[in-house]
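Here, residue 1 is the first one in the sequence, and each next residue gets the next number. For ligands, and for the atoms within them, numbers begin at 1 and follow the listed sequence.
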Amino acid sequence: MVIEYNNNGELTMGGTSLKTVAQSFGTPTIVYDETQIRTQMRRFHEAFKKSGLNYNISYASKAFTCLQMVKLVQEEGLELDVVSEGELYTTLEAGFDPQHIHFHGNNKTKHEIQYALESKVGYIVIDSLEEIDLIDRYASDVVNVVIRLNPGVEAHTHEFIQTGQEDSKFGLSIKHGLAIEGVRKVKNSKRLNLKGVHFHVGSQIEGTEAMIETARLVIQWLKENDIEVELINLGGGFSIKYVEGDVSFPIEDGIAEITEAIISIAKETGFPIPEIGIEPGRSIVGEAGITLYEVGTIKTIPNVNKYVSIDGGMSDHIRTSLYDAQYEALLVNRNDQADETVTIAGKLCESGDIIIKDAKLPSTVKRGDYLAILSTGAYHYSMASNYNQMQKPSVFFLKDGKAREVIKRQSLRQLIINDTK
Ligand SMILES: *Cc1c(COP(=O)(O)O)cnc(C)c1O
């Protein structure tokens, strides 16, 4: 994505002045470069096409979803993962083909299972042995299922976003025999068709090693146990760049490495290569989105720190307090030298409500200026809350110099709409 200052010293995204966006639509607001989102999707497509394998790319809607986002996913020929009744509802309301929806979740309610079955989603990802019985009980037709494996592999990423290790609430453990029991149970059911297996080793993974290592383990396990599958889903977790030094997963080279490795593992083991699926979320929308805020109070504690407060906070930006995530900020309305290190703080009633602890900003930053926080396209709006009765921000897609509102700012009225009088 091209974020740069124009000749007037205003920060622009794909040529559009972000100062104008902030002034016209108010802050906080999340702004996406629509072209960038589409480009990411196309890059994954192209990379898989080169491999010659049968593949599917499924967007993990938890990263960011709304009707317009779902439409975009459909237009670009991706499938879609949902993990709750609400995500399924949003996807269906956008007119997405249910056949291309996959239903995930470690604790699907009975109601969710029924809803997924009625909606005729493409497949349900089994995450526990009990769930097999539940689906079997409610299914009236044959239903495709994919078993989520816990491969017992540790990916090098933040502990909270690591999911493939032995002690995890996700998946059926290969090492502890739950996975094979799951396969037997599915095969014993007349209504369940074992379409494939799935794993997801974690998020914000920079290299291909964890995925390849896990694919090897899974293929060997399938071969040893004589399990035939139409699909192996490798999950998501491809990294993005938040700050200098982070690596955006190299889509072209990375997918080439992964697919070549799978081809050679399959050859070694004599295993026929099924369709290969991936589930990127963050890498589709993360870098394409930024959050615009207006600067309010600036507090200098002599010889200690300078706090620059903005008009949002952990209600729309939880990842810093949740994961110690790092971000970069840019002054939107002037191109001044970033000559000072400050803390950018939110306005909510928590000391932990910090956006960036050590942000490089110009010392000229003052009340009324606008700041852009970069790489906030994934797990920001979707993790937003109404803490302190903050209204969820608006969201815009920018394309060809035009801003298209895709989510309106939450109104005050909406904050109390469910309250009884
Ligand atoms: C979260 C998740 C994804 C997407 O992860 P990203 O880091 O956003 O790519 C994909 N699959 C599963 C099962 C997930 O839980």
(Q) For H317 and Y293: C-alpha separation, side-chain torsions, deciding distance, then whether ring-ring contact (aromatic ring centres under 6.0 Å, His included) applies. (A) CA-CA 11 Å; H317 180 119; Y293 294 112; 7.2 Å; no
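- The contact set between ligand 1 and H198, taken as ligand atoms under 4.0 Å from a residue heavy atom, comprises 13 (C).
- The ligand atoms of ligand 1 that sit less than 4.0 angstrom from a heavy atom of G237 are 5 (O), 6 (P), 7 (O), 9 (O).
- A donor-acceptor contact closer than 3.5 angstrom links the side chains of T27 and D311.
- Side-chain contact check for Q410 and N386: at least one donor-acceptor pair (N or O, by modelled atom type) lies under 3.5 Å.
- When the ring pair (Phe, Tyr, Trp, His ring centres under 6.0 Å) test is applied to Y115, no partner is found at least two apart in sequence or on another chain.
- Not one N or O of R148 is nearer than 3.5 Å to an N or O of ligand 1, by distance alone.
- Residue K62 has at least one N or O atom closer than 3.5 Å to an N or O atom of ligand 1.
- Within the structure, the closest approach of S283 to ligand 1 does not fall below 4.0 Å when heavy atoms are considered.
- Taking the six-membered ring where the residue is Trp, H104 and H198 present perpendicular rings, their angle passing 60° and hence far from 30°.
- Listed by chain and residue number, N305, Y307, I354 satisfy the side chain to side chain contact (heavy atoms under 4.5 Å, CB included) test with T343 (two or more places apart in sequence, or in another chain).
- Below 4.0 Å from some heavy atom of S203 lie the following atoms of ligand 1, by number and element: 5 (O), 6 (P), 7 (O).
- Polar contact check, G235 against ligand 1: no nitrogen or oxygen pair lies under 3.5 Å apart.
- Close contacts of ligand 1 with E279, meaning ligand atoms under 4.0 Å from a residue heavy atom, involve 3 (C), 4 (C), 9 (O), 10 (C), 11 (N), 12 (C), 13 (C).
- Looking at T29 and S394, their side chains do bring a donor and an acceptor atom within 3.5 Å of each other.
- Near Y379, meaning under 4.0 Å from one of its heavy atoms, ligand 1 places the atoms 1 (C), 4 (C), 5 (O), 6 (P), 8 (O).
- Ligand-side atoms of ligand 1 in range of H104: 13 (C), range being under 4.0 angstrom from any heavy atom.
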